[in-house]
Undergrad: 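Dropping the structure in here first, questions after.
Numbers restart at 1 for each chain; the letters A, B, ... are given by sequence-line order, proteins then strands.
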Amino acid sequence: MAQFRVCPDSGFYFDRSAESLMKVNAVAGVVSLLIAGILALGVILTRWQDVHLLPADLFYQVLTAHGINALIFWVIFFEIAVLYFASSTLLRSRLAAPGWAWAGFALMVIGAVMNNVAVMQGNSSVMMTSYVPMQAAPHFYLGLILFAVGALIGCFVFLGTLVLAKDDKTYDGSLPLVVFGALTATIIAIFTIASGAIILVPTFLWSVGYINHIDAEMYRIIWWALGHSSQQINVAAHVSIWYLITGILFGARPMSEKVSRFAFLLYIFFLQLASAHHILVDPGVSSEWKIFNTSYAMYLAVLASMIHGLTVPGAMEVAQRSKGYTKGLFEWLRKAPWGNPVFSGFFFALVIFGFIGGITGVVMGTEQINLIIHNTIYVPAHFHATVAVGTTLTFMALTYLLIPVLFRRALFMPWMAKLQPYVFSLGMTIMILFLLGAGTLGVSRRHWDMDFTGAMLSFDYPGTAYMMVAVGGIGGVLGVVGGAMFLIVTVGSLLFGKKLEPSAGLFQGFCGLPLADSVYNVEQPPRLERAEPVEHHHDGFEAPGTFVLALALLVCFVVYYAINWDYLSSVWPIG
Amino acid sequence: MSEDTNLPKPERIPFFQRMLDNPFLLLFIGVAMPTVFYTLWGVMEVATIPIAK
Ligand code: HEM
Ligand SMILES: [Cu+2]
């Protein structure tokens with residue numbers, strides 16, 4: 001029996017077992033997102049002081065589960081699907097060790113369920129960071145550990161598939177850029193998970209009583225090797241997907257493969273060191289350590305992100321211009337397929353990630369001005385720009401692309417899919433901007449009551465702070481509506497979407513069963529040939545519009561950075 | 001393989017590209033860098049804080 005099918009619409013080859021694994025991982029991710037989204041409503045409606053929906057204990061419980069389901073389960077399940085797609089489909093290879101991949105998936109599901117149960121039982125409201133000496137129930141940690149082991153197996157299946165593809169000579173030349181980006185994500189993931197094991201295994205043993213003390217500062221340092229690096233898996237993954245999407249939608253070719261690869265290499269070298277920005281106010285470590293890791297090293301990683309931020313839209317601009325959209329600086333952008341959620345989702349993710357996430361990230365990573373906003377709600381606002389829009393919206397855009405190709409269903413309610421990236425981005429952007437403002441005024445993160453009712457030491461926030469959180473709350477509710485639209489479209493497509501292949505039934509969608517045997521009629525896909533070298537015509541600037549956008553980013557950054565230094569001097573007057 | 005002899009002589013792959021083509025070398029670098037500069041260095045500093053009496 002043949003092993004592969006070819007998608008008649010996209011030309012992608014799917015290995016039978018890889019296909020099933022991609023589907024189940026994506027479905028598990030979407031289920032986690034559903035849970036996280038419902039909980040998000042509880043979180044934001046409580047922070048919004050006029051609504052103040054949940055009582056304190058429930059708020060912390062819900063916030064713990066929101067963070068873990070969104071940032072760990074949704075994102076990592078989906079990333080495993082992306083790794084299998086990159087190594088198997090993009091390289092036209094069979095998947096290495098599908099049995100192991102299934103075992104990994106099973107561990108991840110068991111771990112995710114176990115952890116959620118622990119949080120729901122109520123004795124594990126320790127936030128996703130689970131800082132010691134706060135103690136959660138043992139199965140809280142055990143769930144996370146099992147999930148991580150499962151994900152680690154997924155990483156090795158990815159590496160194994162790279163080896164297999166090379167041995168089988170399924171492709172010619174070097175790894176394609178998108179696969180190289182996925183490899184970057186995998187490498188960071190392996191460091192991340194190893195760090196997680198180093199800290200969570202002892203913490204688990206402590207929770208069951210075998211170890212009597214875990215040093216709080218040690219915990220923080222090693223935990224952030226996990227906590228920060230895991231965000232860099234997301235960055236590497238969503239940047240790779242940006243290259244993929246511009247390639248598919250526009251036939252865009254990276255402006256320079258060399259430069260883009262070099263940028264990924266910078267990620268491999270430096271991205272994880274920036275973990276130190278979480279430890280900037282901790283007394284136990286030296287300034288040398290803080291400054292080396294957050295400035296010298298971090299700026300090289302930021303440079304890499306700026307390279308990607310320039311080359312991805314740049315490649316799109318070059319491709320659009322070659323199709324004749326050459327008028328002015330921005331015709332290429334105006335004439336982009338704004339009604340296609342794959343495009344609009346990707347593009348909003350890129351812009352919000354770069355402009356809001358990137359700029360605030362550099363501000364927060366600077367030791368001095370970090371003090372203004374450390375542990376305020378500015379921090380969640382920042383990372384909702386990076387992960388809740390940058391990564392999540394990119395994954396949503398990719399899902400719209402994959403529903404017909406991988407699941408062989410047409411999109412359900414395409415008009416809703418068309419609107420979804422707009423609603424989600426608008427809501428989230430409002431929430432993010434206003435919570436950034438509130439954080440600058442000192443509003444704490446992870447804090448149930450801005451009024452400090454009955455507190456021994458109280459504090460009066462200015463009225464503007466309340467107003468900002470309230471407007472942020474409205475934005476957040478709109479964001480949840482946008483998230484719900486995504487879920488309606490995706491779940492609806494698997495339930496009711498027109499079957500593009502008669503055997504694409506419910507079990508094929510939700511449980512990952514293969515399609516009818518007759519669909520798998522390719523013994524071995526033809527070898528992936530090397531792309532022709534890109535021709536460079538050097539008649540002036542290739543991508544002037546992108547260049548202007550990059551300058552705009554730079555100006556915003558410089559102005560905002562300067563404002564923060566100025567603000568610092570007034571927060572802490574000297575003399 | 002016999003047909004290989006008909007091919008033009010194998011292309012020379014630049015050093016840098018050979019490095020990028022080696023996933024396990026990259027994996028090593030990607031794990032070693034943060035382990036040394038972030039984790040070990042950081043943990044050493046915390047471990048050498050004197051214990052309060
Ligand atoms: C759909 C709309 C969403 C809304 C309205 C929302 C709202 C919020 C708010 C207001 C907080 C901060 C609460 C506080 O510190 O007091 C928060 C925390 C958090 N959110 Fe979201 N969020 C959404 C989606 C997401 C997504 C998609 C992700 C990740 C992919 C995410 C990840 C997190 C994480 C990791 C935390 C931190 C939890 C902690 O402090 O331990 N959120 N969310
Ligand atoms: Cu970080």
Undergrad: Distance check, rounded to the nearest 0.5 Å: I187(A) atom CD1 versus F24(B) atom CZ?
TA: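 Taking CD1 in I187(A) and CZ in F24(B), the distance rounds to 9.5 Å.
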Undergrad: Keeping to residues at least two apart or across chains, list the salt bridge (Lys or Arg N to Asp or Glu O under 4.0 Å) pairs with something in residues 174-198 of chain A.
TA: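 Checked against salt bridge (Lys or Arg N to Asp or Glu O under 4.0 Å) - neighbours excluded - no pair reaches residues 174-198 of chain A.
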Undergrad: Side chain, backbone, both or neither: which part of L27(B) has a non-hydrogen atom closer than 4.5 Å to chain A?
TA: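 L27(B) touches chain A through backbone and side-chain heavy atoms alike.
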Undergrad: Ignoring hydrogens, what is the shortest heavy-atom contact between L26(B) and I268(A)? Give both atom names and the distance.
TA: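 Distance-wise, the nearest heavy atoms are O-CG2, 3.7 Å.
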Undergrad: Side chain, backbone, both or neither: which part of I221(A) has an atom under 4.5 Å from a heavy atom of chain B?
TA: both
Undergrad: Does L20(B) reach the side chain of F264(A), with side-chain heavy atoms less than 4.5 Å apart?
TA: no
Undergrad: Please report all inter-chain donor-acceptor pairs (under 3.5 Å) between chain B and chain A, with distances to 0.1 Å.
TA:
residue : atom : partner : partner atom : Å
E11(B)  : OE2  : R530(A) : NH1          : 3.0
E11(B)  : OE2  : R530(A) : NH2          : 2.8
Q17(B)  : NE2  : S174(A) : OG           : 2.8
D21(B)  : OD1  : S174(A) : OG           : 3.0
D21(B)  : OD2  : S174(A) : OG           : 3.0
G30(B)  : O    : Q272(A) : NE2          : 3.1
F37(B)  : O    : W289(A) : NE1          : 3.4
F37(B)  : O    : N293(A) : ND2          : 3.3
Y38(B)  : O    : W289(A) : NE1          : 3.1
Y38(B)  : OH   : I221(A) : O            : 2.7
E45(B)  : OE1  : S286(A) : N            : 2.6
E45(B)  : OE1  : S286(A) : OG           : 2.9
E45(B)  : OE2  : S286(A) : OG           : 2.6

Undergrad: Side chain from CB out, backbone as N, CA, C, O: work out which of these in F16(B) comes under 4.5 Å of a heavy atom of chain A, or both, or neither.
TA: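 The side chain, not the backbone.
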Undergrad: Against chain B, label I198(A) side chain, backbone, both or neither, depending on which of its atoms sit under 4.5 Å from a heavy atom there.
TA: neither
Undergrad: With sequence neighbours left out, what residues match F85(A) under ring-ring contact (aromatic ring centres under 6.0 Å, His included)?
TA: F12(A)
Undergrad: So which of P23(B), G42(B), A32(B) has the largest heavy-atom pair count under 4.5 angstrom toward chain A?
TA: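 Between P23(B), G42(B), A32(B), the count favours G42(B).
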Undergrad: Does CE belonging to M44(B) count more than 12 external heavy atoms closer than 6.0 Å?
TA: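 Atom CE in M44(B) is not packed in, count stays at 12 or less.
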Undergrad: Measuring from L265(A):CG to I29(B):CD1, what's the distance to the nearest 0.5 Å?
TA: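 One gets 6.5 Å once the value is rounded to the nearest 0.5 Å.
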Undergrad: Quick one: closest heavy-atom pair of G30(B) and F191(A), and the distance?
TA: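 It is O-CB, 4.4 Å.
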